[in-house]
Amino acid sequence: MSDDTTPADEPKRKDFIRQWIDRDNESGRFGGEVHTRFPPEPNGYLHIGHAKSICLNFALAEDYSGTCNLRFDDTNPCKEEQEYVDSIQEDLAWLGMTPTKVCYASDYFQQLYDWAIQLIEQGVAYVDESTPDAIAEMRGGGLDEGTNSPYRDRPVEESLDLFARMKAGEFSDGSMVLRAKIDMASANINLRDPIMYRVLHAHHHRQGDAWCVYPMYDWAHGLEDSIEGITHSVCTLEFENHRPLYDWFIDQLTDINHPQQIEFARLNLTYTVMSKRKLLRLVQENLVTGWDDPRMPTISGLRRRGYSPEAIRKFCKTIGVAKFNSTIDIQLLDHCLREDLNKTSPRVMAVLDPLKVTITNFSEGDVDQLEAINNPEDESAGTRMVPFTKEIYIERADFMEDAPKKFFRLSQGREVRLRYAYFVTCDEVLKDDAGEIVELKCSYDPATRGGDAPDGRKVKGTLHWVSASECLDAEVRLYDHLFTKENPDATEEGQDFIANLNPDSLKTITAKVEPYLAASTPGDRVQFERTGYFCVDTDSAADALVFNRTVTLKDKWKKIQSKQGGQQKKKKKQGGQQKKKPRLDYSQFKNKKK
RNA sequence: GGGGGAUUAGUGUAAUGGUAACACAAGCGACUCUGACUCGCUUAUUACAGGUUCAAAUCCUGUAUCCCCUGCCA
């Protein structure tokens, strides 16, 4: 994970978390040690938002010569499954992270239980037999102060006895809880006698049926951190209100390690959703093919799509960390991706939308093997041979009748270069009855073999191509944003984010690819020249290749085209004064929780 | 109505009392056997209003806006 480039001459800018750690180190608060952790609940797949947290926590440990644990926060047996534990470990390893230790919150259940008894004995915890509704009612809210539970001052012995019997399974789910005795009038609702344990007769994925009580997050989390010797407990903004409680619990147990909780803003990305609930819904309603659907922002989805761990790490580093609730433009992720793939991906030619071209003056049956560079960014990648024949395919979009001056590609009477091959000139356009172009007749200049004209004549365009007789068919899955709107939650009244799903987020086509690709295996990443970066899908087989489009190449021509179209439209509308786009404000669209 | 946070170019992130930087995006141009890559140039009265100061993004006061908080979820 230390391969991300940080120019040594660039002054290291420190985010607020590193500044905080520096202060702690200066004061000697933790003896100069920095121990972090990544604490997922195993109830879903990791996504790019988790990657931000992962990269942060592991980078902190590395930067300060500390440690970083992976800890499964498995305190709720109802939602958690081994499947998720496995996927999380796989994703973490793929991202290139090696935890110092792999821990489970459930391993601390006995310690937590013993400490709970200690709090009861200290008179700061009690068993409450009120109903869930009654507890909610008594908690109050807003300006209403809470009211004390009638069980709040019951004798210690009674709570001790009841708590032991809760654990033993004598009581039904929801019948009683263990509560901390703090302050029912606190302005911070989290401090109004928060629940520490609930009764749950549920099977735990690691503890089996050993427990009938399970600890709540607020009670458990800080103590888990404390047990592991965590110094800086980094979490997301919504836990800021919980920090006083985090500190309170640890303070009750004198002489245990007291980590510092630090909160940062979670990642939001345009054109996608990040909440586990929404991702789960996409999977459960079969709106995508699964957690690893290449359109999903999950780590497994990105992996299958063809993202590299380097690109994701670079992205996480680039976006930085702060407390401002921001939304990152997906184009920044694309940029980090292209930056890495450009350096690492072998080039190859593939025609996605084939148009047949016959080289009229090329001998029938001849196969001319031409040398092509595998990666201009990496000389060690070497070269390969590409077969050229009388009939080839080019991209349909690379030919245009009555082409404008700015169109550098093929048109009647125009000459272009076929990459690594020859200059060709279009002599004739063949159409079917419907007027559709079905074939081009071109002539080639044998003197330009390899792609250069001995007479020094230049050509403006270079096209990729593939031999019609030597090429392979391949299924290509063209992916686009999963949603049509920057903010999928921006919907009409009565709709939700599902309404903004992009119906064109996947187009499957059959492409013609050069024979060199026959040996490719799932996970291989290549660049289809002039088109984009592609990755061999897990569905791919030797005789049935399947490619996923990871990301397109930047396309200046497309911009020129759309600008010309746009200008015409604008003229029609009126003067076309460009208004400044307002700052992204998603809040007005968010569904308020009732 | 209460509590906790936040606000710097279109989007993000820096600058921690010394005159707004970097990346992406957008636009213009150069280069090019990928209209890719690469390389140039362009883009901010620091949410607003006052105040302190020789000097304010930074300190003070007030205002506005946004986010989070009333699960026996995490």
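Lettering of chains follows the sequences in order, A, B, ..., and the numbering in each one begins at 1.
With A/Y197 as the fixed residue, the ring-ring contact (aromatic ring centres under 6.0 Å, His included) test singles out one of A/F109, A/Y214, A/F163: A/F163.
Considering only side-chain N and O atoms, A/K14 lies nowhere under 4.0 angstrom from the phosphate OP1 or OP2 of B/U13. For the pair A/T531 and B/U34, the criterion of a side-chain N or O lying under 4.0 Å from OP1 or OP2 is not met. Here A/K317 does not reach the OP1 or OP2 of B/A23: none of its side-chain N or O atoms lies under 4.0 Å away. Residue A/H464 places none of its side-chain N or O atoms closer than 4.0 Å to OP1 or OP2 of B/U34.
Looking at heavy-atom distances under 4.0 Å, A/V321 makes contact with sugar-phosphate atoms alone, never a base. Backbone-only engagement by A/I328 is indicated by non-hydrogen atom pairs under 4.0 Å involving sugar-phosphate atoms exclusively. Within the 4.0 angstrom heavy-atom criterion, only backbone atoms of the sugar-phosphate kind lie near A/P215; the bases stay farther away. As judged by a 4.0 angstrom heavy-atom cut-off over every strand, A/Y197 is placed among residues making no nucleic acid contact. Nucleic acid contact for A/S186: none, since no nucleic acid atom lies under 4.0 Å from a heavy atom of the residue. Using a 4.0 Å heavy-atom cutoff across all strands shown, A/S130 reaches at least one base atom of the nucleic acid. Residue contacts shown for A/R417 include a base, since a base heavy atom lies under 4.0 Å away. Contact annotation for A/H242: base contact, defined as any heavy-atom pair under 4.0 Å involving a base atom. Within the nucleic acid shown, A/D452 comes within 4.0 Å of at least one base atom, counting heavy atoms only.
Among the nucleotides B/C73, B/U34, B/U11, the one closest to any side-chain atom of A/K79 is B/C73. Among the nucleotides B/G12, B/C73, B/G4, the one closest to the side chain of A/R198 is B/C73. Closest contact between the side chain of A/Q19 and the listed nucleotides B/A6, B/U16, B/C72 involves B/U16. The side chain of A/K323 has B/A6 as its nearest neighbour among B/U70, B/G27, B/A6. Distance from the side chain of A/M216 is smallest for B/C72 among the nucleotides B/C72, B/G12, B/G3. Side-chain atoms of A/A187 lie closest to B/G2 of the nucleotides B/G2, B/A74, B/C72. Looking at the side chain of A/T318, the nearest of the listed nucleotides B/G12, B/A23, B/U13 is B/A23.
Protein atom CD of A/Q261 is 16 Å distant from nucleotide atom P of B/G4, rounded to whole Å. Look at CZ on A/R419: it is 14 Å from P on B/U32, rounded to the nearest Å. B/A74 atom C1' lies 7 Å from atom OH of A/Y217, rounded to whole Å. Per the geometry, NE2 belonging to A/H221 stands 17 Å off P belonging to B/C73, to the nearest Å. Residue A/R18 contributes atom CZ, which lies 14 Å from atom P of B/U13 at whole-angstrom precision. For the pair A/E486 CD and B/U11 C1', the computed distance is 9 Å after rounding to whole Å. For the pair A/L332 CG and B/U13 P, the computed distance is 11 Å after rounding to whole Å. When the P atom of B/A25 is taken as reference, atom CD1 of A/I319 falls 16 Å away, rounded to whole Å.
The glycosidic torsion of B/G29 lies more than 90° away from 0, placing the base in the anti range.
Side-chain contact between A/E415 and A/R457: present, with at least one pair of heavy atoms (C-beta onward) separated by less than 4.5 Å.
The gap from the C1' atom of B/A47 to that of B/A57 amounts to 12 Å, rounded to the nearest Å. One C1' atom belongs to B/U53, the other to B/C60, and the distance between them is 12 Å to the nearest Å. Between B/C28 and B/C22, the two P atoms lie 22 Å apart (nearest whole Å). Look at the P atom in both B/U52 and B/U61: the space between them is 15 Å, to the nearest Å. B/A15 sits 7 Å from B/A21 when the C1' atoms are compared, rounded to a whole Å. B/G5 and B/U38 have their P atoms separated by 42 Å, given to the nearest Å. Across the P atoms, B/C31 and B/G35 are found 15 Å apart, a figure rounded to whole Å. B/A55 and B/U19 are spaced 15 Å apart, taking the P atom of each and rounding to whole Å.
Taking a 6.0 Å sphere around CD of A/E129, one finds it holds more than 12 heavy atoms contributed by other residues, nucleotides or ligands. Other residues, nucleotides and ligands place no more than 12 heavy atoms under 6.0 Å from the CZ atom of A/R266.
Sequence order on RNA chain B of the closest nucleotides to A/L237 and A/K276 puts A/L237 first from the 5' end.
Every side chain to side chain contact (heavy atoms under 4.5 Å, CB included) that A/K276 has, sequence neighbours left out, goes to A/E41, A/N43, A/H50. Judged as a side chain to side chain contact (heavy atoms under 4.5 Å, CB included), and not counting sequence neighbours, the contacts of A/V85 are A/P42, A/F72, A/Q82, A/Q89, A/Y104, A/H205. Taking A/P297 as the reference, A/I48, A/T272, A/M274, A/L279 meet the side chain to side chain contact (heavy atoms under 4.5 Å, CB included) condition, with sequence neighbours excluded. Applying the ring pair (Phe, Tyr, Trp, His ring centres under 6.0 Å) rule to A/F547 yields the partners A/F528; only residues at least two apart in sequence or on another chain are considered.
In this structure, A/D340 does not pair ionically with A/R525, as no charged nitrogen and carboxylate oxygen lie closer than 4.0 Å. Note on A/R71 versus A/D225: salt bridge recorded, some NZ/NE/NH1/NH2 to OD/OE distance being below 4.0 Å. The pair A/R384-A/E514 meets the salt-bridge criterion, since a charged nitrogen lies less than 4.0 angstrom from a carboxylate oxygen.
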With pairs defined as Watson-Crick or G-U wobble and both distances under 3.5 angstrom, please note down RNA chain B as a dot-bracket string, | for pairing with another strand. .((((((..((((....[..)))).(((((.......)))))....(((((..]....))))))))))).....
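One donor-acceptor pair, N or O on each side, does fall under 3.5 Å between the base of B/G3 and the side chain of A/N241.
For the residue pair A/D133 and A/T131, no side-chain donor N or O sits within less than 3.5 Å of a side-chain acceptor on the partner.
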List, with names and distances, any nitrogen or oxygen atoms from the protein found under 3.5 Å away from nitrogen or oxygen atoms belonging to nucleotides 35-37 of chain B.
| residue | atom | partner | partner atom | Å |
| --- | --- | --- | --- | --- |
| B/G35 | OP1 | A/R530 | NH1 | 2.7 |
| B/G35 | O2' | A/K556 | N | 3.0 |
| B/G35 | N7 | A/R409 | NH1 | 2.5 |
| B/G35 | O6 | A/F408 | N | 2.8 |
| B/G35 | N1 | A/K406 | O | 2.7 |
| B/G35 | N2 | A/K406 | O | 3.3 |
| B/C37 | O2' | A/N342 | ND2 | 3.2 |
| B/C37 | O2' | A/E377 | OE2 | 3.2 |

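Note: A/Y422 and A/F388 have tilted aromatic rings, judged against thresholds of 30 and 60 degrees for the angle between ring planes.
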